[in-house]
4 protein chains.
Amino acid sequence: MVNPPNEQRRNEKSRRAILDASLELCTEKGYAAVTVEGIAARAGVSKKTIYRWWQSKGAVILEAVVDAADASTDFPDTGDIAADLHAQLTQVVRLFEDPRSGRPLRALLLIESHQDPGLAGQIRELLVDSRIATFNQRMRRAQDEGQIVADVDLDVVLDQFYGPIYHRLVLNMDLPDHDYLGKIVDYVLAGITQG
Amino acid sequence: MVNPPNEQRRNEKSRRAILDASLELCTEKGYAAVTVEGIAARAGVSKKTIYRWWQSKGAVILEAVVDAADASTDFPDTGDIAADLHAQLTQVVRLFEDPRSGRPLRALLLIESHQDPGLAGQIRELLVDSRIATFNQRMRRAQDEGQIVADVDLDVVLDQFYGPIYHRLVLNMDLPDHDYLGKIVDYVLAGITQG
Amino acid sequence: MVNPPNEQRRNEKSRRAILDASLELCTEKGYAAVTVEGIAARAGVSKKTIYRWWQSKGAVILEAVVDAADASTDFPDTGDIAADLHAQLTQVVRLFEDPRSGRPLRALLLIESHQDPGLAGQIRELLVDSRIATFNQRMRRAQDEGQIVADVDLDVVLDQFYGPIYHRLVLNMDLPDHDYLGKIVDYVLAGITQG
Amino acid sequence: MVNPPNEQRRNEKSRRAILDASLELCTEKGYAAVTVEGIAARAGVSKKTIYRWWQSKGAVILEAVVDAADASTDFPDTGDIAADLHAQLTQVVRLFEDPRSGRPLRALLLIESHQDPGLAGQIRELLVDSRIATFNQRMRRAQDEGQIVADVDLDVVLDQFYGPIYHRLVLNMDLPDHDYLGKIVDYVLAGITQG
DNA sequence: CCCTAAACGAGACGGTACGTCATGTCTTCGT
DNA sequence: ACGAAGACATGACGTACCGTCTCGTTTAGGG
C-alpha cells in the first residue's frame, strides 16, 4: 500500500487472464461462488498479483465488466426522442440479460455497491454517472428541439424511465421486453411532450 | 432438516433474543458484518439453536424485519386515490430510511435475494407479494370507482410508482422526499386518470 | 487466545492423528519440510485444530517426541557407576540416532530452541531438565557410596560426559559408538574417582 | 548457474553493503527474522544481486561472519600447552558471545547446518575444519615435546575440550567463563599428561 | 575514449505457507 | 433431556517471503 505499484511494468497477459477468468467463473458458478483464490487458480496467476492491482474481487469484476461493456455506452440520437429512448432502454435491459455481463453487473449494482462504499463510488463513476450524463444531454437536446417541455425535472424523468427496470431487477422479476419498454416510453413521454 | 424440530417446545425467549440481537448488530455494524457467531454471542445463545430454526443469517434477519415491520403493511383507503398512493409511497420510503429497519431491509432485497434463491422466495412471500396484492386491490377499487381508466396495465403502473424508489435505492441516491413523491403520483396518475 | 480452550472437550483422536502425522512427515521429508498445513492434511484435521492446541509446528513436534520418548528417561542404577553412565550415554545416543525420534529431537534442540525462546523453555522443561536432575541424583548417590570424590563440580562433570555427544551433533559428525563412549566414561571417571 | 557471473565486474560496494546489512539485521532482530528481502532493502540493493552471488541468506551470513571473524583463527603457541588451550577456548567462547558475531555464528552452526546440507559443508570448510586442523597441529607438537602422552586419541580430546562449550550452547546455558575453562583444561590434561 | 556487454536497482511475477475468520455440523457437560 | 458452550472439518481470507524474471540504468573493460 505504501508504494503504489508501477503501472508500466504491469504484465498485460496476467491482467487479461484475471479479467477473463473472473467473468467466466461468475457466469459458471454465480457471483457468490467467485473467490479471489478461484480467479487466481483459473487465471494461472498468484493471489498476490490480484491483490497488487485490485482491492477486492468486486473491483476485479468491475474492471472486467467495464472492459467488456464499454462499447455500448452511447446514447443514440436519430432526432426521434421516442425511438432513441426505446433503443437506449433496450440496450440497458440487454446488458442485464446478457449471459456474460448480466450476472456480474447485477452483482455489482445490487450486492457490492451496498457492502463496500469505496467500490460503490467506483461503480457509480465507471458504470452509472456517464450514462446519466449522456441521458441528460440527449434529453436537453430534445428540449431544445421542442420535443419535450422545457421546465420538466430531468431527475424525475430519469427515475421514471429507468425505475421500472431497476424495480423488476431488485424483485427478481422478468425484465421489460420490447413492448413493455414501448409502453413505458409512451406513458412517460405523454406527460412531458410539447402540446 | 432430518428431524424437523418441534415448534411447540421452542424457547420463545431465545427466539426474541436472537431476532433482537440480529437487528441491533445490523444497525450497529452494517449487514455485512453480521455473522451467525456474532448473533449467537450477543443473544447468549448457541449457534446450534440458530441453525435449528433458521437456514442462514439472512433468514434470521428476514424474520426480524417481518416481525418489526408488519404493523405498517396496510394500504390506506380514504377514497382519494392520489392521497392514498402518496401516503403508501411515503410509508415505503420510511421503511427504507428507518434506522432500525432500513439497513436490514435493503440488505435483504438487494444483497440476499440475489445470492440465495431460497431466501429470495421467502422474501418475496413475506415482504413483497402481499404489498403488491394490496396495491392491486386498491387500484382495482379506483378503477371500479372510475378514478382510473379501466384498461390500464397494472403491472406497468406498479413499476411506475415504485420504480423511482428502487432506482434510487440501487444507485445509492437519496430516496424521494414528500414533494418528489407528489410529482411521481401526479405524473403517473395524469396518464391513467379518467379524462 | 482470550479463552484458553477447554481441555476436557478435546478430541483425543485428532490429537493422536496430529502427533503421528507430524513425526511421520518429519521422518519422511525432514524437519524443514514439515508445515502446519502438511500436518493438518496428513492427519485429516483442520489447521484451526492445530493452532487451537499448539503455538507452532515446533510445539507439536515437541509433544510428539515427548510422547514417543518418555519411556526411556530413567537413569539405570546397578551400583556400578561406570556401567550405568555408559548405559545412559548409550541411551541418549540412540535417541538421537533413532529413525523416528532422531530427526525431530535434533531439530528441536538445534533449530527451534534457538529460534523460539518460548519453545526453548518448554523443550528444556520437558526434555532436558528432568534428565539433568536424574543425572545429578545418580552422581550424588555415587558420591555417597564413595565411588566419586565428594567435592567435584557436577555441572562440569555433566558437560564432560554429554559435551562430546553434543559437539559431534552440532558439527554433523558421527555420534560416539560403544567404544568411544567407553573411553569418555573412563577418561572422565579417572579424574574424579576416589583414590 | 548457467552463466556464472563475472567476478571482476562485481560491485564491491554492494557486496559490503549486503554483508554489513545482514549482520546488522541479525543482531537487531535475530537470525530468524532476517530475510533476503530485508537484507536487500537495508543494503539498498536488488534481490537479484544477492541471488546472483549467494545461494541463500545463510550463505550471505556465512560470508559476513567469515569476513568479520577470520582475524582470530590462530591457535597460540607459547610452549605452555595448558595456557595455550585456555587462551584458545577463551577465544572460541568470545566469538560465540560477541554481540556482532555471536548470533549469526550460533545460527549457522545450530540452525542452518542442520537444514541445508550444502551450506553445512561450506560452514565446516570455512569455520570448523581449519580450527580443528590447527588444534591437532598444536596438540601433536605438545606430544612431540612430551607434554602429552603419545598414544592419546586426539578426536576424543577435541570432543573433551570443546564438548562442554557446545553442550551449553545447545542447551542455551551460560557459556563457560574463565575459571570454568580452567577446570576443563585441568581435568582433561590431567588424564593425558605425561606421568 | 568511446562502446558494449555486464552488473545493477527496482520490483512484478507464480508460488507456498502462514495464521485468522466464519461456516455449518457434531459432541460434551452442566442443569 | 435440553441447550449453552464450543470443538471440529472446511475453505477462503489477506500477508510475507521465496526464488525467478524482466525492465531500464549505470558502469567498467577491451577495442
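These numbers were taken from a predicted model, which means no experiment stands behind them. Labels below follow one simple rule: chain letters A, B, ... track the order of the sequence lines, proteins then strands, and each chain is numbered from 1. All values below come from the heavy atoms of this structure, side chains included, with hydrogens, waters and symmetry mates left out.
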K.L.:
Side-chain donor or acceptor of A:K48 under 3.5 Å from a matching atom on the base of F:dG14?
P.N.:
no

K.L.:
Relative to B:W53, does B:R15 satisfy both conditions: NZ or CZ under 6.0 angstrom from the six-membered ring centre, and within 45 degrees of the ring's axis?
P.N.:
no

K.L.:
Could you give the CG-to-P distance, from B:D116 to E:dG24, as a whole number of Å?
P.N.:
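Taking CG of B:D116 and P of E:dG24, I get 10 Å after rounding.
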
K.L.:
Can you find an N or O donor on one side and an acceptor on the other, under 3.5 Å apart, linking the side chain of D:K47 with the base of E:dG9?
P.N.:
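A donor-acceptor contact between them is absent.
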
K.L.:
Using whole Å, what does the distance between atom P of nucleotide E:dA10 and atom CG of A:N11 come to?
P.N.:
22 Å

K.L.:
Do D:V60 and D:V34 pass the side-chain contact (heavy atoms from CB on, under 4.5 Å) test, and can you show the C-alpha distance, the side-chain angles, and the key distance before you say yes or no?
P.N.:
CA-CA 11 Å; D:V60 177; D:V34 176; over 6 Å; no

K.L.:
Whole-Å distance between E:dG9 P and D:I50 CD1?
P.N.:
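Value for this atom pair: 9 Å.
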
K.L.:
Determine whether a donor-acceptor pair (N or O, by modelled atom type, separation under 3.5 Å) exists between the side chain of C:T27 and the backbone of C:L23.
P.N.:
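Yes.
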
K.L.:
Rounding to an integer number of Å, can you tell me how far C:R52 CZ sits from F:dA9 P?
P.N.:
8 Å

K.L.:
Side chain of A:Y51, heavy atoms from C-beta onward: which of F:dG14, E:dA7, E:dT23 has the nearest atom to it?
P.N.:
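So the side chain of A:Y51 is nearest to F:dG14.
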
K.L.:
Considering residues, nucleotides and ligands other than D:Q8, do more than 12 of their heavy atoms fall under 6.0 Å from its CD?
P.N.:
no

K.L.:
Nearest-Å distance, NZ (B:K13) to C1' (F:dG3)?
P.N.:
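It works out to 14 Å between those atoms.
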
K.L.:
Using whole Å, what does the distance between atom P of nucleotide E:dA12 and atom CD of D:E37 come to?
P.N.:
11 Å

K.L.:
At less than 4.0 Å, is any side-chain N or O atom of C:T49 found next to OP1 or OP2 of F:dA9? Yes or no.
P.N.:
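For F:dA9, OP1 or OP2 has a side-chain N or O of C:T49 closer than 4.0 Å.
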
K.L.:
For D:V45 and A:S46, take the nucleotide of DNA chain E holding the closest heavy atom to each; which residue's nucleotide lies nearer the 5' end?
P.N.:
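First, find each residue's nearest nucleotide; the 5'-ward one identifies D:V45.
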
K.L.:
Given that D:W53 and C:K57 both sit by DNA chain E, which one's nearest nucleotide is further toward the 5' end?
P.N.:
D:W53

K.L.:
Using only heavy-atom distances, decide whether a donor-acceptor pair under 3.5 angstrom links the side-chain of A:R9 to the base of E:dA10.
P.N.:
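Per atom types, the contact qualifies.
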
K.L.:
Return the value, rounded to whole Å, for the distance between atom CD of B:Q115 and atom P of E:dT23.
P.N.:
13 Å

K.L.:
Return yes if some donor-acceptor pair links the side-chain N/O of B:S113 with the main-chain N/O of B:L110 below 3.5 Å, else return no.
P.N.:
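Not confirmed, B:S113 side chain does not pair with B:L110 backbone.
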
K.L.:
Toward the 5' end of DNA chain F, which comes first, D:V34 or C:S14, by nearest nucleotide?
P.N.:
C:S14

K.L.:
Would you kindly give the CD1-to-C1' distance between A:I18 and E:dA12, to the nearest whole Å?
P.N.:
12 Å

K.L.:
Between A:S56 and B:G44, which is nearer to the 5' end of DNA chain F once each is assigned its nearest nucleotide?
P.N.:
B:G44

